[in-house]
Protein chains: 2
Amino acid sequence: MDETTAHATLEDVAAFAGVSTATVSRCINSPDRVAPATREKITNAIRALNYSPNFGAKALASRRTGIIGAVIPTLENAVFAHGIDAFERALPQGKYSLLVASCGYDLNREKQQIESLVARGADGLLLVGFDRDPSLYAWLAHRRVPFVLAWASGDSHHFAGFDNKAGMAAMIRLVLDLGHRKIAMISGLTDGNDRARARLEGVRQSLADRGLGLCGVAEVPYGLDGGGQAFTELMVDRSITAIVCGNDVLAAGALRAAHHMGLVVPRDITITGFDDIDIASITLPELTTVRVPHARMGQEAALMLQRLIEGQESESVLLPTEIVERGTHAPPGGR
Amino acid sequence: MDETTAHATLEDVAAFAGVSTATVSRCINSPDRVAPATREKITNAIRALNYSPNFGAKALASRRTGIIGAVIPTLENAVFAHGIDAFERALPQGKYSLLVASCGYDLNREKQQIESLVARGADGLLLVGFDRDPSLYAWLAHRRVPFVLAWASGDSHHFAGFDNKAGMAAMIRLVLDLGHRKIAMISGLTDGNDRARARLEGVRQSLADRGLGLCGVAEVPYGLDGGGQAFTELMVDRSITAIVCGNDVLAAGALRAAHHMGLVVPRDITITGFDDIDIASITLPELTTVRVPHARMGQEAALMLQRLIEGQESESVLLPTEIVERGTHAPPGGR
DNA sequence: TTGTACGCGTTATCAT
DNA sequence: ATGATAACGCGTACAA
């Protein structure tokens with residue numbers, strides 16, 4: 001069949017079809033600019049030679065790759081997995097592809113990954129949160145790489161996200177309205193994580209507005225176990241009647257720990273989550289949490305980034321969060 | 001600062017450092033082949049001009065992109081999210097980047113995505129399962145694109161996976177040993193999904209080996225609700241004492257449905273899962289399931305693919321699965 | 001509508 | 001150790 005490993009080039013196709021390379025190129029990139037008859041010949045030639053364009057050459061000549069990069073903390077967190085999934089699906093098939101890199105919640109590593117993706121020709125970037133060195137933003141601007149920030153909101157840059165602080169504030173309102181006054185929080189690690197910080201801040205401030213304070217805060221790494229251990233430690237203070245968690249995984253871990261401690265939720269203790277991922281409706285009782293439209297967000301981010309890459313302007317999108325009252329909250333005071 | 005939008009090129013750096021472009025190129029790609037003194041000058045020039053190589057040009061000239069492609073059904077399935085996460089992290093930072101595409105369990109779409117990734121210059125591919133048109137394999141071979149198959153095992157191609165059928169067979173053995181004889185299965189959609197088919201086949205054959213048959217099979221789409229509905233339908237036959245599920249999500253859905261039906265697990269019914277993802281230890285009772293080393297698999301796949309891309313041979317890796325006995329299994333017969 | 005010819009930024013071969 | 005210089009495959013003015 002094929003005598004050599006070499007692939008057909010534009011020139012081969014042109015020769016085969018008896019036209020110039022320019023015409024072949026046109027036929028591929030803007031078919032309407034070439035006569036139907038020649039288009040026919042070229043199409044046949046392409047098929048006959050099993051031609052497919054060389055990526056490097058195309059990128060070099062056109063100065064575009066059609067590659068969009070995304071740097072996220074980790075795909076192990078369902079929140080990012082879902083968002084990225086939706087983001088990728090919202091990208092026009094064939095026009096753009098998604099290059100993903102994870103940084104494990106490490107800002108330095110994030111910077112490296114961003115540089116790596118840009119070096120690999122990313123036409124645009126999807127990033128998580130706002131918290132990064134100004135010089136990085138300057139570099140991005142200098143390199144003229146458009147980007148969209150997600151999973152948070154702010155008053156600068158382009159973003160498709162939501163208000164972490166407000167979401168938590170709403171949850172605190174619910175807990176307070178229930179009558180709770182002795183409230184503690186299990187937060188994700190806040191170092192280099194503005195989403196976690198905003199959620200913690202949302203709790204602190206809402207409480208302060210009512211003249212209250214947190215009865216305890218545990219800052220733990222993402223994971224079921226982190227949530228469980230934090231719960232056990234926090235509950236040394238048995239006067240606590242409600243524990244709000246920075247995310248659903250932490251909450252699920254806390255719930256499991258509560259169960260192991262022989263506590264009945266929500267009779268003995270109220271536990272709340274944040275994100276409303278799948279596990280929130282698998283726990284028993286199901287988790288009261290803050291719903292975040294992760295998929296919708298990924299989709300909006302994809303749309304925005306495309307516009308930016310194609311030189312159009314694009315407004316930021318602030319998505320609403322919503323309290324989902326399920327089974328892990330109740331007034332304090334046991335039965 | 002910068003008067004124009006143009007970026008520094010190799011030539012600019014060469015001029016600035018007073019050497020030739022060839023030397024600069026060498027300095028970047030094999031620093032040890034250039035004298036320390038000139039290396040110094042070049043390094044300074046690079047920094048001074050804020051130079052970074054043009055991806056397209058590099059790819060064109062070197063015939064390599066450093067991009068690895070992966071096509072998976074969806075990142076919404078934690079199994080793939082974790083595997084891909086591990087895969088990506090096992091890739092040498094800076095040397096390779098990961099291009100991900102999802103196909104939603106659709107073989108046609110998978111083919112398109114594969115072609116798209118190859119068109120984008122992927123040096124190698126990570127694919128899920130073995131089940132695809134022979135012509136696609138032929139095309140991949142012709143294009144000389146190395147690939148590794150995961151989440152399954154077989155006797156052809158390079159793979160880093162596990163034996164779905166054997167995993168299920170082991171689970172059936174456990175259920176049978178417990179004394180169950182009226183067994184039903186909730187399977188994922190088997191169309192175009194050899195992993196789901198292998199799991200179903202594992203159940204069927206193990207049962208047949210003991211002269212038994214399935215008391216019911218429901219084939220449902222991935223998701224909590226699918227598992228729940230299937231459970232409800234299957235349990236119309238109250239003689240059933242055990243339901244094995246094709247994956248943990250289906251099992252979690254079944255468990256929830258059982259709870260809503262007022263059934264006590266495992267007293268009234270045994271329910272088992274497959275994969276051992278996080279939710280398996282969040283349900284109440286925790287799920288008895290088949291553990292699959294998804295992260296380890298992703299890691300092995302990354303190592304294999306790198307070797308293949310770099311022209312070395314590489315043995316396939318068959319990872320072991322393991323039964324995890326937790327709380328959803330018990331002998332039949334209620335209390 | 002189609003063809004000519006040059007430029008894109010690197011890599012790599014071959015001298016020196 | 002370093003320098004010329006020829007590919008690499010495609011896009012795109014510009015001309016015809």
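Treat the numbers as computed from the prediction; the structure is a model and nothing was measured. Every chain is numbered from 1 and lettered A, B, ... according to where its sequence line falls, protein lines coming before strand lines.
Residues from residues 40-50 of chain A that place a heavy atom under 4.0 Å from any atom of DNA chain D: there are none.
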Open item on the list: Can you build the contact string for nucleotides 9-16 of chain C? Use B for base contact, S for sugar-phosphate-only contact, and - for no protein heavy atom under 4.0 Å.
Closed with: BBBB----
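Applying the side-chain hydrogen bond (donor to acceptor under 3.5 Å, both in side chains) test to B/Asp106 and every residue at least two apart in sequence or in another chain returns nothing. Under the ring pair (Phe, Tyr, Trp, His ring centres under 6.0 Å) criterion, A/Phe162 pairs with no residue at all, not counting sequence neighbours. Residues forming a side-chain hydrogen bond (donor to acceptor under 3.5 Å, both in side chains) with A/Thr43 (at least two apart in sequence, or on another chain): none.
We find that CZ of B/Arg39 is positioned 14 Å from C1' of D/dT2, with the value rounded to whole Å. The CZ atom of A/Arg33 sits 14 Å away from the P atom of C/dG3 (whole-angstrom rounding).
Helix bend of the helix from C/dT1-D/dA16 to C/dT16-D/dA1: the angle between its two end axes, each built from five pairs, comes to 20° after rounding to 10°.
Comment: A/Arg197 engages A/Asp131 in a salt bridge, judged by a side-chain N to carboxylate O separation of less than 4.0 angstrom. Comment: B/Arg143 does not engage B/Glu115 in a salt bridge, judged by the lack of any side-chain N to carboxylate O separation of less than 4.0 angstrom. For the pair A/Arg307 and A/Glu313, the salt-bridge criterion is not met [side-chain N within less than 4.0 Å of a carboxylate O].
Put simply, A/Ser20 has a side-chain N or O that comes within less than 4.0 Å of OP1 or OP2 on C/dG3.
Looking at B/Glu110, B/Gln112, B/Arg109, B/Lys111 one by one, the single match for side-chain contact (heavy atoms from CB on, under 4.5 Å) with B/Val71 turns out to be B/Glu110.
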Open item on the list: Set out, in order, the CA-CA distance, both residues' side-chain angles and the distance that settles salt bridge (charged side-chain N to carboxylate O under 4.0 Å, His left out) for A/Glu310 and A/Arg64, then state yes or no.
Closed with: CA-CA 11 Å; A/Glu310 287 158 16; A/Arg64 304 184 74 245; 5.1 Å; no
